Amino acid sequence: MKINEEIEIQHIIKIKYGDIQQNIILKNEVYSIGRHSSNDIVIHHPTISRYHCSILPVKYKDKNEQELFWIIDGDLKGNRSANGLFVNGNKSLSHELKSGDRITIGGNDVELIYSISCSNSDEEITIPQTYLMENYGNNDDNDTIYKETQWKTTLASKEEQENFFIQEILFILHNQDTKLNCPIFIINLEEKITYTNSFFRDKFPNFREEFKTNLFVKNLWEELKNAGKDFCVREIKYKDENYTQYAHYIEDKSQIKSYIFSFSQRDKVEKALRENEEKYRAVVRQISEGIILVDPVTKHIIEANQAYCSLIGYSNQESLSIKLYDLVAADADIIDSIVKKVQKNRLNLTQESIHRDHNGSLIHVEVNISTIYYSAKEFICFAVRDITERKLAEEMLRYQACHDLLTELGNRNLFNEQLYKAIARAERYKSQFGIMFIDLDRFKNINDTLGHDIGDKFLQAVAQRLKQCLRSADLIARWGGDEFTILLSEIKHPDDVSIVAERIFYSLTKPFQVMEYQIYGHLSIGIAIYPQDGNTLDILLKNADIALYRMKDQGGNDYQYYNPSMNQKKTELLRMEAYLYEAIKNNQLELYYQPQINVKTGKIVGMEALIRWQHPILGRVSPAQFIPIAEQTGLIKSIGEWVLFTACQQNKKWQN
């Protein structure tokens, strides 16, 4: 994100527990946090739940579209944590993160600190208040901070509440009638008018002429008497206009005071509202996005369009009988806190969520949540868009980024990532683990003889057998070509790795049936143990690789533990390789000629050219030392050409 196109902002979560500290830069995506390895952020601590909390990006409309993050307790599927989520010391279900927030999870053992920083500086910066989301209300509001509260209410019947309400209105009207802008009249027991106000006389100038048949007076005493109360309310249609008449006893029930209200304008407004609502329904029915209206108090679904009903598999009628809790795969308390915050602060936010269909299957959606006035009431509107295909595409991209498509094993990226985590765990808990570097022997012969298609199928079969030799907690990856790597986590003794190696070799005794060919697998294994063979990723991999090629030098088809002396041997070979390049360049090689003699005649019949190397520091180097290096590096071709040219040149001199 950028401010004024100059400053790029980073949202950072710092995780601290024990001796471990991680800094994670948040991107515009959902992060799951927990102990299980499938989480985006894995925290290996016994007090952390398998799926403890989630961080999700949120956008507020009309707020500069700034990037914000919320943290919620549990995951998006409704699983809550065991030990809860505390933000700045208060237990929280959902919270909008602000720079400097301290979040503790799993008791007080694990701390997360949220900060906003400039990407080109290590220092935290202060963002202008106009840029950040306004601080709505108190941070201790019940919509974000969970507090146990007991409510004690006295319920009255609906009729009693209405009667009390009308009596209060009539009491106010009676005491404020001089200020009322409505027609008022009073009649006595003989139904004679004893009082009218100016509004009455202006509104009904001919009232006295038609008094006996006037609908405002007709049956008024009788209805009031039959009502069994001190008041009555009735609707009157007079000269094509609708009125509401309120009447009640006064003067010890010797007179009736009546108030007349015209709601023609209200009726027009209500008619317009009904027409607008019909238009709204017609438009919503045609929208491809799912729309639901939710009562913010009861969480009942008030209305759902066809697109949403099709998404979740309910009929329109069925959707009206369920609550938001049945649809959103989140904890009920978290749903309540989010709805309350949206309603209270008039938010219009967009975030990812997970909804359930009628079979209980989970659907990944993106929702826009806002308040809406409908039928003169306020509801919460959810605009829902199915993002299942997008999530599947993202999952596929993530899978391809860390898996080998041929063997379906992890690839080098995944192995390095898990090895890094294994080192952190082993360092914390003072444990050890082993890694195995595996190379197939003579695999090139299979490719060259039977073709690459057979070679690929053979690799797939080998990968599956290797995988079957491991525990579920172990990891196998294809390193590249015909090489594999295995991470054996939490071993008790280095000899445990040899048990796995023996199991692998035993599994290869049975031939592989690849199409019409029977192929026997042979491989070499190099083994390195943490921490004795290295305490960093690079050193462990290098030493396992050294052990592997030491095994291959000895003929292969076996396993070899790393030994520090191998490193010295490897160093000597690399130095010898460099010397050999210099020898060719500086003409340090020599030819010695050995004659071939016919024993019967005693005549020379030929010459054998023997190559020798006189190094200025090493002295004379045996061909047994440098010829294998030349063959491995490809220098043997250059040496062969030089030997042939030099020998022919010498032969020509002898002939002359």
Side-chain angles (χ1 to χ4, degrees), residues 35-39 42 44 50 399 401-426 429 431-441 443 456-514 519-534 537 540-541 543-545 547-548 551-552 556-562:
R35 196 176 70 249
H36 196 271
S37 59
S38 63
N39 286 284
V42 181
H44 298 284
R50 289 165 62 85
Y399 180 86
C402 59
H403 284 81
D404 174 58
L405 298 182
L406 177 64
T407 61
E408 297 184 352
L409 300 178
N411 62 11
R412 186 179 300 196
N413 293 334
L414 179 63
F415 188 84
N416 285 341
E417 178 185 334
Q418 295 302 316
L419 180 55
Y420 175 81
K421 293 178 180 178
I423 293 172
R425 284 197 305 272
Y429 298 110
S431 58
Q432 55 185 338
F433 62 85
I435 63 172
M436 307 172 75
F437 231 125
I438 300 175
D439 183 81
L440 294 180
D441 298 333
F443 176 70
D456 287 347
K457 288 182 170 55
F458 176 64
L459 276 177
Q460 292 172 332
V462 170
Q464 290 307 308
R465 278 205 202 170
L466 292 175
K467 189 175 181 180
Q468 291 169 4
C469 296
L470 305 177
R471 303 169 299 177
S472 59
D474 300 327
L475 173 68
I476 178 172
R478 186 185 179 197
W479 191 254
D482 60 345
E483 292 181 323
F484 299 89
T485 48
I486 293 176
L487 172 62
L488 301 174
S489 59
E490 299 180 5
I491 60 174
K492 295 181 180 179
H493 193 274
D495 290 344
D496 293 343
V497 183
S498 65
I499 297 174
V500 178
E502 294 289 352
R503 191 184 303 148
I504 288 173
F505 283 109
Y506 179 77
S507 73
L508 297 179
T509 57
K510 183 181 178 182
F512 295 87
Q513 188 67 42
V514 182
I519 305 175
Y520 284 88
H522 302 280
L523 49 81
S524 300
I525 301 176
I527 300 170
I529 306 296
Y530 175 92
Q532 66 189 44
D533 296 332
L537 181 145
L540 281 169
L541 289 174
N543 290 342
D545 187 51
L548 167 65
M551 184 68 255
K552 292 186 76 71
N557 200 31
D558 205 345
Y559 63 90
Q560 174 73 59
Y561 281 86
Y562 170 76

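Note that the structure is predicted; figures quoted are calculated from it, not measured.
- Taking CD1 of I486 as the reference point, atom CG of L470 lies at 4.5 Å (rounded to 0.5 Å).
- Taken to the nearest 0.5 Å, the CD1 atom of I476 stands 10.0 Å off from the CG atom of L488.
- Figure legend: cation-pi geometry between R465 and F512, with NZ or CZ positioned under 6.0 Å from the six-membered ring centre and within 45° of its axis.
- Put simply, the side chain of R471 reaches to within 4.5 Å of the side chain of S489, judged on heavy atoms.
- Taking 4.5 Å as the limit, some side-chain heavy atom of L414 sits within range of a side-chain heavy atom of L475.
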>> Pair I435, T485 - check side-chain contact (heavy atoms from CB on, under 4.5 Å), show working.
In response: CA-CA 7 Å; I435 63 172; T485 48; over 6 Å; no
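- Within a 6.0 Å sphere centred on OH of Y429, other residues, nucleotides and ligands contribute more than 12 heavy atoms.
- Rounding to the nearest 0.5 Å gives a distance of 10.0 Å between CD of Q460 and CG of L409.
- Using a 4.5 Å cut-off on side-chain heavy atoms (C-beta onward), L523 and F443 make no contact.
- Surrounding NZ of K467 are at most 12 heavy atoms belonging to other residues, nucleotides or ligands under 6.0 Å away.
- In terms of the side chain to side chain donor-acceptor pair (under 3.5 Å) criterion, residue partners of S524 (sequence neighbours excluded) are, by chain and number, D441.
- Atom CD of residue E417 and atom CG of residue L419 lie 11.0 Å apart, to the nearest 0.5 angstrom.
- Contact between Q464 and T407 at its shortest, heavy atoms only, is NE2-O, 3.9 Å.
- Counting all heavy atoms, side chain and backbone alike, V500 lies closest to M436 at CG1-SD, 4.2 Å.
- Between A422 and L487, the shortest heavy-atom distance links the atoms CB-CD2, 4.0 Å.
- A distance of 11.5 Å separates CG of N543 from CZ of F437, quoted to the nearest 0.5 Å.
- For Q560 (side chain) and I527 (main-chain N/O), no donor-acceptor pair under 3.5 Å exists by modelled atom type.
- To the nearest 0.5 Å, atoms CG (D533) and OH (Y561) are separated by 10.0 Å.
- Contact record, F433 with L540: CZ-CD1, 4.0 Å, taken as the closest heavy-atom pair.
- Applying the 6.0 Å contact sphere to CD of E408 captures no more than 12 heavy atoms from other residues, nucleotides or ligands.
- Of all the heavy atoms in H403 and N411, the pair that sits closest is N-ND2, 3.3 Å.
- Screening residues 496-511 for side chain to side chain donor-acceptor pair (under 3.5 Å) gives E502-Y559 as the qualifying pairs, with residues at least two apart or on separate chains.
- Here the side chains of R412 and N416 are in contact, with some heavy-atom distance below 4.5 Å.
- Between W479 and D439 there is no side-chain heavy-atom pair separated by less than 4.5 Å.
- Side chains of F484 and L459 form a contact here, defined as non-hydrogen atoms less than 4.5 Å apart.
- A 4.5 Å side-chain heavy-atom check between R425 and S431 finds every atom pair outside the cut-off.
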